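Counting begins at 1 with the first residue of the sequence. Owing to the predicted nature of the structure, the values given are computational and were not obtained by experimental measurement. As the structure lists them, so they are numbered: ligands from 1, and atoms in each ligand from 1.
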Amino acid sequence: MKEQLMAIEAEVLDLLGNVQNIKSLEEIRVLFLGKKGKLTGILKGMGSLSAEERPVMGQIANEVRKKLEVEIQKTKIALARKEREEKIKRETIDVSMPGTFFPRGRKHPLTLVLDEIKEVFIGMGYEIAEGPEVELDYYNFEALNIPRNHPARDTQDTFYINDKVLLRTQTSPVQIRVMEKKKPPIKIICLGRVYRSDQVDATHSPIFYQVEGLVVDKGVTMGDLIGTLQVFAKSLFGENAKIRLRPHHFPFTEPSAEVDVSCWTCGGKGCRICKNEGWIEILGSGMVHPKVLEICGIDPTVYSGFAIGLGVERTAMARFNIDDMRLFYENDLRFLKQF
Ligand code: DAH
């Protein structure tokens, strides 16, 4: 029996010398020291030994078991260390490896132009005003001196929620909302989305952006309007930009003018961009109609004002030489990446 015990010890020690991982080590432990293991098996055979032999064998068996347990524990610690070291080596970060590329976003061309416009007007002391896109007919038309059946309504057909509520066709209703609440001096711009039931084509979209400007105070004149427009045009289109006012009609201003800016591509000589005109139309403007002031509770014999309304898409198209408005809304990265 002693030989058997020694043989088992030798066998286990030999196996421990070659074991590769903790899982195999545990298998060895179960195979020899487990409940049904080889060593346990031998101990069970002790019953057949004589009374003198039994304690001697028992002692040897216990020594072998202890020794093997200690060796297995030592091997386990060594294997655990080895496995940890290998894991660390495997997981080492190579800081020189190329990283994952995250493309950087950029501003949409319309946002770029809106930001520039905002900056110019804020620089002249204007405040930003806001109004709802779902608007009352009263603010969008009626209070702007466009009663029901007025032909100006035909050019601004929109989407009606009901008889009294519609999607605003212009940012001009914000003028009314501001004048109702605030008494002069008033100096605001409003930037926002407007709606019209227009067919989509290269120069039309049922949703587009406008910027509205409004100044009301004592003694505001057409000269103030022209000066403001000149500053605006130079800021957006360069120092050499000139403006030209053409008489026009808007129901809520009197007198009214459409405003052109000199073509910055040809300097006014005429080219493809300005369709040989030398000028490009960018906005509508005028002196606030006395009736409109009155509707808002502002005395037109004391106060006067001017207003401007600008199409942002049209301005951005002119600014960046873009020939199709649809490009703004298609979200094609090949287009958007150019700004
Ligand atoms: N709201 C007008 C439009 O959409 C543009 C406009 C013209 C606004 C003259 C104004 C203005 O404030 O004075 O066609």
> Is there a side-chain contact between Glu258 and Leu245 (heavy atoms, below 4.5 Å)?
Replying inline: no

> If you measure from the Lys or Arg side-chain nitrogens to the Asp or Glu carboxylate oxygens, is any gap between Arg65 and Glu69 under 4.0 Å?
Replying inline: yes

> Do the charged groups of Lys38 and Glu11 touch, with an N to O distance under 4.0 Å?
Replying inline: yes

> Should you measure from each heavy atom of Gly284, which atoms of ligand 1 turn up under 4.0 Å away?
Replying inline: 7 (C), 9 (C), 11 (C)

> Against heavy atoms of Gln170, which atoms of ligand 1 measure under 4.0 Å?
Replying inline: 1 (N), 2 (C), 3 (C), 4 (O)

> So which heavy atom in the protein is nearest atom 14 (O) of ligand 1, and how far is it from that ligand atom?
Replying inline: Gln156 NE2, 3.6 Å

> Side chain, backbone, both or neither: which part of Ser172 has a heavy atom under 4.0 Å from ligand 1?
Replying inline: side chain

>> Under 4.0 Å, heavy-atom basis, I'd like to know which part of Leu283 is in contact with ligand 1: side chain, backbone, both or neither.
In response: neither

> Against heavy atoms of Phe250, which atoms of ligand 1 measure under 4.0 Å?
Replying inline: 7 (C), 9 (C)

> Which of the numbered atoms in ligand 1 are below 4.0 angstrom from a heavy atom of Gln175?
Replying inline: 12 (O)

> So does Asp260 pair up with Arg244, basic N to acidic O under 4.0 Å?
Replying inline: yes

> Would you call Glu26 and Lys76 a salt bridge, taking side-chain N to carboxylate O under 4.0 Å as the test?
Replying inline: no

>> Within ligand 1, which atoms have a heavy atom of Gly286 less than 4.0 Å away?
In response: 13 (O)

>> Between Asp157 and Arg196, does any NZ, NE, NH1 or NH2 come within less than 4.0 Å of an OD or OE carboxylate oxygen?
In response: no

> Can we say Glu313 and Arg326 salt-bridge, meaning some charged N sits less than 4.0 Å from an Asp/Glu carboxylate O?
Replying inline: no

>> Whether Arg177 engages the ring of Tyr139 as a cation-pi pair (distance to the six-membered ring centre under 6.0 angstrom, angle to the ring normal within 45°) should be assessed.
In response: yes

> Can you find an N or O of Thr169 that's nearer than 3.5 Å to an N or O of ligand 1?
Replying inline: no

> In terms of atom number and element, which parts of ligand 1 are under 4.0 angstrom from non-hydrogen atoms of Arg196?
Replying inline: 3 (C), 4 (O), 14 (O)

> Hey, does Phe252 come in under 3.5 Å of ligand 1, counting only N/O atoms on both sides?
Replying inline: no

> Do Lys66 and Glu63 sit within salt-bridge range, that is, some charged N less than 4.0 Å from a carboxylate O?
Replying inline: no

> When you look for heavy atoms under 4.0 Å from ligand 1, do you find them on the side chain of Arg168, its backbone, both, or neither?
Replying inline: neither

> With atoms numbered from 1 as shown, which atoms in ligand 1 lie under 4.0 angstrom from a non-hydrogen atom of Ile308?
Replying inline: 8 (C), 10 (C), 12 (O), 13 (O)

>> I want to know if ligand 1 touches Thr253 in the polar sense, i.e. an N/O pair below 3.5 angstrom.
In response: no

> Is the shortest side-chain N to carboxylate O distance from Arg148 to Asp163 below 4.0 Å?
Replying inline: no

> Identify the closest protein heavy atom to atom 5 (C) of ligand 1: which residue and atom is it, and at what distance?
Replying inline: Gly309 CA, 4.1 Å

> Does the distance from a Lys or Arg side-chain N to an Asp or Glu carboxylate O, for Glu281 and Arg314, drop under 4.0 Å?
Replying inline: yes

> Where is the nearest protein heavy atom to atom 13 (O) of ligand 1: which residue, which atom, and how far?
Replying inline: Ala307 O, 3.1 Å

> Which atoms of ligand 1 are found less than 4.0 Å from any heavy atom of Gln210?
Replying inline: 3 (C), 4 (O)

> Heavy-atom contact under 4.0 Å between His248 and ligand 1?
Replying inline: no

> Any Lys/Arg nitrogen of Glu9 or Lys67 sitting under 4.0 Å from an Asp/Glu carboxylate oxygen of the other?
Replying inline: yes

> atom 12 (O) of ligand 1: which protein heavy atom is closest, and how many Å away?
Replying inline: Glu212 OE2, 2.6 Å

